[in-house]
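Throughout, protein chains are lettered first and strands after them, A, B, ... in sequence-line order, and every chain is numbered starting at 1.
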2 protein chains.
Amino acid sequence: MDKQHYLERLVLKLETHVPLPPAEREKLLQLPLTLKRLEANHDIVREGELTQQCCLVAEGLVCRYKIVGDGARQILSLHLPGDIPDIHSLLIERMDHCLGTLTPAVVGLIPHEAVRSLTRASYRVSEAFWRETLIEASIYREWMVGIGRRAAPSRIAHLLCEFITKMTAIGLSDGVICNLPLTQPEIADALGLSTVHMNKKLREIREARLVRIRVNRLTVLDWKGLCSLAEFDPDYLHLQPGAAKIKDD
Amino acid sequence: MDKQHYLERLVLKLETHVPLPPAEREKLLQLPLTLKRLEANHDIVREGELTQQCCLVAEGLVCRYKIVGDGARQILSLHLPGDIPDIHSLLIERMDHCLGTLTPAVVGLIPHEAVRSLTRASYRVSEAFWRETLIEASIYREWMVGIGRRAAPSRIAHLLCEFITKMTAIGLSDGVICNLPLTQPEIADALGLSTVHMNKKLREIREARLVRIRVNRLTVLDWKGLCSLAEFDPDYLHLQPGAAKIKDD
DNA sequence: CGGCACTTTGAGTGTTATCAAAATCTGTGG
DNA sequence: CCACAGATTTTGATAACACTCAAAGTGCCG
């Protein structure tokens, strides 16, 4: 429950592209954080709510999703520690989707006022947050391409590539093995597939010896092969140049 | 070719949520604009390019798209006059997608420097642009839900609802009739469908007397029915409250 | 009037969804 | 350590949806 540590992850992320002056970094590290421990599958904010605070993911995996008329769920994004998935609520108070945990998680609530006083005082801070939201939009675009124009196996491979790349970028994976705390229905909901179909195509990917998956543990056996199936090019993640390039064995 | 007029559309959009102080509005209206007349199906910026300027859509219809390995295109967003679809290039220079015209168009190129000096000088301007990018992200999310979880007829209806709503919001439609300068292959590429399938389902929508479509002209015959098929709720567009609510006949 | 792009149609195929049930795994308590 | 409940994964069969290919029809523009 180390607030400082959680905020450091945030600052690290914000400084990926442009370093911040020490004074501003310091103020970010002193943001007031109310930590909350949450169970898996717990909604953090729901569609339609008006918010006065945003939430830093401190531990666990958080997702953004919408439910359509017939009850189907579309997962729109996944959020790892260091993310503030609802930073947009600073400028658009009304939530047009839900935010919820996929695993047990710890989130830190930060009043809008506290963030706003920093972004308004410094264009560097403001641009750093803005840039993060732009990168998220870039990821949306890539997902849209996948859901709209790629076949199921490619989509699945793409999600695996993206996930381990992001985990590696924040130091939670070595690029070969990582924790994958997603159930198959959850992966299916992120990819716009049915659970059953997902399962069958994922099996094929495993049988092709591209990855091994056991008990929440993903092991990449053939990174090049996986990337090639996925047509994965990490540019859209806009990570620090070279930072998270995963090398093949 | 009235630069002032084009910039006014931009400012109008930026002020939808929070008015700008007169001084800042004035500076925006004096942004340097290099007008360019473009043919239909002309790329404005391509994936991989580094840009030093952004482009205001002055006239015509512009789209954002990506091409996947097998040559299929996914259209990611549509941009009407008043939009700056690549405003994100202020903070992320490298384009991770293409921007191109769908109709003959006029765009106004604005050097990054000119915009940056305004956003850095005023958090109100900065927040206005930031908010626009957040609204665009919200639209991405809605499209993702459609492509991932809605059946073809619903997706098509949704695109029609969104398009006429946006056209109405900028005064280019009365909410019943509007120009729809999209070919069926283009609509299909925006919805992740094949042209043929699109055509057949669109025909069903017309036969259900929800809309009439002839020669680039869309007429809504049954707005409620169309919205209901689409599950269209305009909240995600974050338009001025009440501004673009289209009433049923 | 012809050429070109776009739309429409039909037939056949392939992918993905749905439904239902079995198998496997996970964690807990005895 | 074993038994068991609950969740997750896997499987098979069938149906629905969407895609491809190919060709004909339509409308626009020069």
Engineer: Sequence neighbours excluded, which residues qualify as salt bridge (charged side-chain N to carboxylate O under 4.0 Å, His left out) partners of A:Arg212?
Structural biologist: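 Scan of A:Arg212 (salt bridge (charged side-chain N to carboxylate O under 4.0 Å, His left out), adjacent residues dropped) gives none.
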
Engineer: What does the list of N/O pairs under 3.5 Å between the protein and nucleotides 4-8 of chain D look like, with a distance for each?
Structural biologist:
none

Engineer: If you look only at pairs with a residue in residues 151-179 of chain A, which of them pass as a ring-ring contact (aromatic ring centres under 6.0 Å, His included), with sequence neighbours excluded?
Structural biologist: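 Passing the test, one end in residues 151-179 of chain A: A:His158-A:Phe232, A:His158-A:Tyr236.
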
Engineer: Please give, in whole Å, the distance from C:dT24 P to A:Ile213 CD1?
Structural biologist: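 To the nearest whole Å, that distance equals 19 Å.
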
Engineer: side-chain contact (heavy atoms from CB on, under 4.5 Å) with B:Ile170: which residues, sequence neighbours excluded?
Structural biologist: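 B:Ile170 satisfies side-chain contact (heavy atoms from CB on, under 4.5 Å) with B:Leu80, B:Pro81, B:Leu172 once adjacent residues are dropped.
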
Engineer: Listed by chain and number, what are the side-chain contact (heavy atoms from CB on, under 4.5 Å) partners of B:Ser77, not counting sequence neighbours?
Structural biologist: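 Partners of B:Ser77 under the side-chain contact (heavy atoms from CB on, under 4.5 Å) test: B:Arg64, B:His79, B:Glu136, B:Tyr140.
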
Engineer: Between protein and nucleotides 11-30 of chain D, map the contacts as a letter string: B base, S sugar-phosphate only, - none, heavy atoms under 4.0 Å, written 5' to 3'.
Structural biologist: BBB----BSBB------S--

Engineer: Listed by chain and number, what are the ring-ring contact (aromatic ring centres under 6.0 Å, His included) partners of B:His88, not counting sequence neighbours?
Structural biologist: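 B:His97.
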
Engineer: Based on the rotation axes of five pairs at each end, what angle does the helix from C:dC1-D:dG30 to C:dG30-D:dC1 bend through, to 10°?
Structural biologist: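 One end axis against the other gives 40°.
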
Engineer: Charged N to carboxylate O below 4.0 Å: is that the case for A:Glu47 and A:Lys66?
Structural biologist: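 No.
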
Engineer: Go through A:Thr165 and A:Leu239 one step at a time and tell me if the side-chain contact (heavy atoms from CB on, under 4.5 Å) criterion holds.
Structural biologist: CA-CA 10 Å; A:Thr165 300; A:Leu239 298 165; 3.7 Å; yes

Engineer: Measure from CG on A:Leu202 to P on C:dT16 and round the result to the nearest Å.
Structural biologist: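 Atom-to-atom, A:Leu202 to C:dT16, this comes out as 14 Å.
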
Engineer: Whole angstrom is fine here: how far is it from CG in A:Leu218 over to P in D:dT9?
Structural biologist: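 Result: 14 Å.
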
Engineer: Does B:Asp86 have any salt bridge (charged side-chain N to carboxylate O under 4.0 Å, His left out) partners at least two apart in sequence or in another chain, and if so, which?
Structural biologist: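 B:Asp86 satisfies salt bridge (charged side-chain N to carboxylate O under 4.0 Å, His left out) with no residue once adjacent residues are dropped.
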
Engineer: Could you pull out all residues at least two apart from A:Glu204 that satisfy side-chain contact (heavy atoms from CB on, under 4.5 Å)?
Structural biologist: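 If we apply the side-chain contact (heavy atoms from CB on, under 4.5 Å) test to A:Glu204, skipping adjacent residues, the hits are A:Lys201.
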
Engineer: Using atom CD of A:Gln74 as one end and atom P of C:dA17 as the other, report the distance to the nearest whole Å.
Structural biologist: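 Between P of C:dA17 and CD of A:Gln74: 11 Å.
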
Engineer: Test: ring-ring contact (aromatic ring centres under 6.0 Å, His included). Region: residues 174-204 of chain B. Which pairs qualify, not counting sequence neighbours?
Structural biologist: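 Pairs touching residues 174-204 of chain B that pass the test: none.
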
Engineer: Without decimals, in angstroms, what is the distance between A:Ile147 CD1 and C:dA17 P?
Structural biologist: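 Taking atom P of C:dA17 as the reference, CD1 of A:Ile147 is at 12 Å.
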
Engineer: List in chain and number order the residues that pass side-chain hydrogen bond (donor to acceptor under 3.5 Å, both in side chains) with A:Arg206, two or more places apart in sequence or in another chain; answer none if no residue qualifies.
Structural biologist: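 A:Arg206: no side-chain hydrogen bond (donor to acceptor under 3.5 Å, both in side chains) contacts found.
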
